[in-house]
Every structure is written in C-alpha cells, then in structure tokens.
Student: 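Take this structure first; my questions come after.
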Amino acid sequence: SLSAWTYPVVLGLADAGPWDVVFSVLLMFLNFGMQVMFSYIILGVDFMGEEFEEQVAFAKRWRSSFAHDWKYVDLTSRSLVTRVCGGDGSLIVGNRQA
C-alpha cells in the first residue's frame, strides 16, 4: 500500500513530471506538519490533563473529605464512594470518572 512517505523516496526512480515532483514534496511536508501538530495536541496538557500523581492526591483528598461524609449518604445508607465505585446511575454527575 502506498503512503505519502512513499512518493518522495521513489522520485528519482520513477519517470515523473515536474508537477508530480512538486506535488509529492508538498504532500510530504503537509503530512509531516500534520503529524507534528497531532503529536503536539496529543501530548499537550489540555489533552492529557494533570499529572497522574496530582490526580491521585486529589482522589485521596476527595475520599477522605467527601466520599464518606454523612451529608452525601443516600436513603439506603450507602456512602458516596460506594455509589460512585458501584456505577450508580442515579448520581447527578457522571459516575464514569471514578
């Protein structure tokens, strides 16, 4: 199967006109630029979020402060952490984040 990286490799080997060469080189640079932009987005803080250690510390604080607090117990005496970890669909906020 052919890709955008194949054309510049075979430019000197194939009988290609000047427009074919220009198009192949532009295609290669466009492909390279898009891969750099994709990597920048994927590895950025906006996509990856906070460091995992910070999330663990936040989860520990949440568990010790809110998760077992009596203010958040439901009518069947189940704590918030029990409901979140159990995937309780009656929670107002999405429970898939836990």
Side-chain angles (χ1 to χ4, degrees):
S1 103
L2 299 177
S3 73
W5 298 107
T6 306
Y7 298 114
V9 172
V10 297
L11 277 179
L13 305 175
D15 184 26
W19 288 112
D20 295 329
V21 173
V22 169
F23 180 73
S24 296
V25 171
L26 286 175
L27 185 63
M28 180 186 67
F29 283 120
L30 178 67
N31 189 341
F32 180 75
M34 292 199 53
Q35 288 186 26
V36 167
M37 289 173 45
F38 179 74
S39 298
Y40 175 75
I41 291 169
I42 292 296
L43 298 175
V45 176
D46 292 335
F47 187 81
M48 296 294 290
E50 299 174 354
E51 294 292 328
F52 187 70
E53 290 80 19
E54 293 176 23
Q55 293 179 9
V56 169
F58 176 74
K60 286 180 180 178
R61 283 193 310 271
W62 175 80
R63 186 168 183 178
S64 64
S65 59
F66 294 103
H68 295 289
D69 194 335
W70 284 103
K71 291 189 287 188
Y72 303 106
V73 171
D74 68 356
L75 296 175
T76 62
S77 298
R78 291 186 305 157
S79 67
L80 181 59
V81 72
T82 303
R83 295 170 58 203
V84 169
C85 292
D88 188 350
S90 67
L91 292 172
I92 297 171
V93 181
N95 57 8
R96 296 276 184 224
Q97 298 174 4

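Note that the numbering runs from 1 along the sequence shown for the chain. FYI, side chains are in, hydrogens and waters are out, and symmetry mates aren't considered; it's all heavy atoms of this structure.
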Student: So, using ring-ring contact (aromatic ring centres under 6.0 Å, His included) as the criterion, who are the partners of Y72 when residues are at least two apart?
Tutor: F66
Student: Same cluster or not: L43 versus M37, using hydrophobic residues (I, L, V, M, F, W, Y) connected whenever any side-chain heavy atoms lie under 4.5 Å apart?
Tutor: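 As far as the 4.5 Å side-chain criterion goes, M37 and L43 are not connected within one cluster.
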Student: Check the surroundings of atom CZ in R63: do more than 12 heavy atoms from other residues, nucleotides or ligands lie under 6.0 Å from it?
Tutor: no
Student: List, by chain and number, the other hydrophobic cluster members for L30, where Ile, Leu, Val, Met, Phe, Trp and Tyr join if side-chain heavy atoms come within less than 4.5 Å, directly or indirectly.
Tutor: M34
Student: So which heavy atom on S79 is nearest to which on A67, and how close?
Tutor: CB-O, 3.6 Å
Student: For V73, enumerate each residue passing the side chain to side chain contact (heavy atoms under 4.5 Å, CB included) test, keeping only those at least two apart in sequence or located in another chain.
Tutor: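 In terms of side chain to side chain contact (heavy atoms under 4.5 Å, CB included), with neighbours along the sequence ignored, V73 is linked to W70, S77.
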Student: Could I get the full list of side chain to side chain contact (heavy atoms under 4.5 Å, CB included) partners for V56, not counting sequence neighbours?
Tutor: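 Result, side chain to side chain contact (heavy atoms under 4.5 Å, CB included) vs V56: F52, K60.
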Student: Residues in side chain to side chain contact (heavy atoms under 4.5 Å, CB included) with S64, at least two apart?
Tutor: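 Here no residue qualifies.
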Student: With sequence neighbours left out, what residues match F23 under side chain to side chain contact (heavy atoms under 4.5 Å, CB included)?
Tutor: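 Testing F23 for side chain to side chain contact (heavy atoms under 4.5 Å, CB included), a comparison that skips the adjacent residues, returns L27.
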Student: Which pair of non-hydrogen atoms, one from I41 and one from F47, has the smallest distance, and what is that distance?
Tutor: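 Nearest heavy atoms, I41 then F47: O-CB, 3.2 Å.
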Student: Would a hydrophobic clustering, with Ile, Leu, Val, Met, Phe, Trp and Tyr connected at side-chain separations under 4.5 Å, put F32 with L26?
Tutor: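 No, separate clusters.
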